[in-house]
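What follows is a set of notes on a single structure, which appears directly below.
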Amino acid sequence: MNARATALIADDEPLLRDALRRQLAIVWPELEIVAEARNGREAVRLFDERHPDICFLDVHMPGLSGVDAANHIGRRAHLVFVTAYDHYAVQAFAQGALDYLLKPVEQARLADTVSRLNERLQSARPAINTEQLLQQLSEQLATLHRGGKTQALRWIRAQAGKIVRLIPIDEVDYLRSDAKYTIVAWRDGGKPAEAVVRTPLKELLEQLDAEQFAQVHRSAVVNLRAISHVKRHDNETAEIHIKGRDDVLPVSRTRSSCSRFTSRTISSVEYRRPSRRTLRWSSS
Amino acid sequence: MRMPDRLQYALNVDSSILQVRCPPTTLLTLVENAVRHGIDPSEEGGRIDVEIARNGERCVVRVTDTGVGLHHAANSPGTGLTALGERLQLIFGDAAQLRMTAATPRGTAVEVDMPAHT
C-alpha cells in the first residue's frame with residue numbers, strides 16, 4: 001500500500017480538532033486528514049463519502065456519539081477513540097478500537113498510537129471479507145425489520161482472524177453475550193470450539209428455532225440438545241451443564257421455569273415465553 | 001471558548017441592579033446547566049440569553065437557552081439546581097423562587113426570582 005494513509009477526525013470542539021491535526025502533522029506528516037466532523041452524524045456521513053483508513057473519534061459528541069459512529073464504521077477503518085474520560089476504555093476496545101487516547105493528547109503517546117496504526121496498515125487486513133460479512137449481517141437485519149416470520153437461522157457466520165466460518169446451527173451448543181459480541185460455542189467436527197460474532201445475542205435469538213434453543217439467562221441461549229444436566233440451586237436459580245464441556249451456564253430466576261425440560265420431553269415444551277410463574281421442580 | 005461554532009450568547013442586564021446582592025455561583029450554575037444540558041447535547045448548538053432585571057423590590061435572573069429542551073433531561077432537577085434551590089431557601093426562605101420552564105420554540109428557561117437586597 002503506497003498511497004498515503006487517510007484519516008478522519010471527529011470532535012465537537014474545534015480547538016481539539018485543530019490540536020490533534022497539528023500533533024498528527026508532527027508525528028505523522030505523511031498522514032492525510034481527509035475529513036473533520038463536528039459530531040457523530042457528520043463522522044458517519046464523511047466516513048461514507050471519503051472512506052478514510054483511520055478514524056479518530058471523540059466519544060462524547062452531540063447527537064450520535066463516537067461509539068455510535070464506531071458501530072456504523074465497524075471494521076472498515078482503524079478506530080482510535082479520543083476522550084477525556086478513561087471509563088470508556090473497555091467499551092472502546094469492545095468496539096474493536098485499535099487504541100484509546102486520553103485528552104489532553106500527549107505527543108509521545110500519540111506517536112505510540114501512530115506506530116501501531118502503521119503496523120496495522122502494513123499488515124493490510126483484508127477489507128473485503130469484513131465488508132461481505134457486514135453486508136450479510138445488514139441483510140439479515142433488513143429481513144428482520146421487514147417483519148413477519150423469517151426462516152429460522154441455519155448458519156452462523158463467524159469471523160476468526162481473516163477467516164469467515166460458517167457454523168451450522170445444529171452444531172451450536174450455546175450462545176453467550178459478551179459486551180458487544182456473542183460467543184458461539186459449537187462442535188467443530190465433534191470437538192468443542194468457540195467463535196465470536198458481532199451480532200448481538202438478542203438479534204440471533206430472534207432468528208433461532210424456539211423448539212431447539214432456549215434463553216436461560218439474559219446473556220445465555222442454549223441448544224436443548226446440548227444439555228447434559230441441570231443443577232438446581234436453593235434460590236430458584238440453577239446451572240446448566242453442557243455435554244462434553246466443562247462449561248456451566250447460569251439459569252436466572254425469571255427463566256427458571258425453563259427448567260421444566262428436566263422432567264419432560266424437550267420437544268413438547270414451549271420455551272419462547274417462559275411463564276413468569278415460578279414452577280416448582282418436580283422429580284416426576 | 002470550547003464550542004465557538006455552536007454557542008452564541010447575549011447579556012441583557014439592567015445596570016441599576018448591579019448593586020443587588022446575589023448568592024455566589026447562582027448565575028454560574030444556571031449558565032453551566034444551559035451549556036451542559038441544553039447546548040452541548042445539541043448537534044447544531046444554540047444560544048444562551050442571560051437577562052437580569054429589576055421588578056419593583058425584586059430581582060429576576062433569567063437564563064434561557066435554545067438547546068435540546070427539558071424532555072431530553074431527567075424530569076426532576078439535577079444536583080446543581082436542587083442545591084441552588086436549597087441555598088436560596090436557606091438565605092431568603094420562601095421569598096425566593098426557582099422556576100424551570102420549557103422555552104419556545106425549544107430549549108429551557110430557568111428563572112431565579114429573589115428580593116433585591118443591596
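What you see is a predicted model, and the numbers here were worked out from it, not measured in a lab. Side chains included, hydrogens not; waters and symmetry mates left out as well; all remaining heavy atoms used. Proteins get letters first, then strands, A, B, ... in listed order; numbering begins at 1 in each.
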Checklist line | Within 6.0 Å of OH in B/Tyr9, more than 12 heavy atoms from elsewhere | finding: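 Counting neighbours around OH of B/Tyr9, 12 or fewer heavy atoms of other residues, nucleotides or ligands fall under 6.0 Å, so no.
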Note to self: I'd like to know whether B/Val110 forms a side-chain contact (heavy atoms from CB on, under 4.5 Å) with B/Arg99, so could you lay out the CA-CA distance, the side-chain angles of the two residues, the decisive distance to 0.1 Å, and finally the verdict.
What the structure shows: CA-CA 6 Å; B/Val110 182; B/Arg99 289 184 285 263; over 6 Å; no
Item checked: Step-by-step side-chain contact (heavy atoms from CB on, under 4.5 Å) determination, B/Arg62 to B/Asp49 -> CA-CA 8 Å; B/Arg62 188 179 167 84; B/Asp49 280 290; over 6 Å; no
Check: Going through the checks in order, is the side-chain contact (heavy atoms from CB on, under 4.5 Å) test met by B/Leu27 and B/Ile52?
Finding: CA-CA 10 Å; B/Leu27 192 55; B/Ile52 305 176; 4.2 Å; yes
Note to self: Could you walk me through whether A/Leu24 and A/Val114 satisfy the side-chain contact (heavy atoms from CB on, under 4.5 Å) test, starting with their C-alpha distance in whole Å, then the side-chain angles of each, then the deciding distance to 0.1 Å, before giving a yes or no?
What the structure shows: CA-CA 8 Å; A/Leu24 281 168; A/Val114 165; 4.1 Å; yes
Margin query: How long is the straight-line distance from CG of A/Leu8 back to CZ of A/Phe47, given to the nearest 0.5 Å?
Written below: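 It comes to 8.5 Å.
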Looking only at N and O atoms, which donor-acceptor pairs between chain B and chain A are within less than 3.5 angstrom?
| from | atom 1 | to | atom 2 | distance (Å) |
| --- | --- | --- | --- | --- |
| B/Arg2 | NE | A/Glu13 | OE1 | 3.4 |
| B/Arg2 | NE | A/Glu13 | OE2 | 2.9 |
| B/Arg2 | NH2 | A/Glu13 | OE2 | 2.7 |
| B/Arg6 | NH2 | A/Asp12 | OD2 | 3.0 |
| B/Glu43 | OE1 | A/Arg41 | NE | 3.2 |
| B/Glu43 | OE2 | A/Arg41 | NE | 3.0 |
| B/Glu43 | OE2 | A/Arg41 | NH2 | 3.1 |

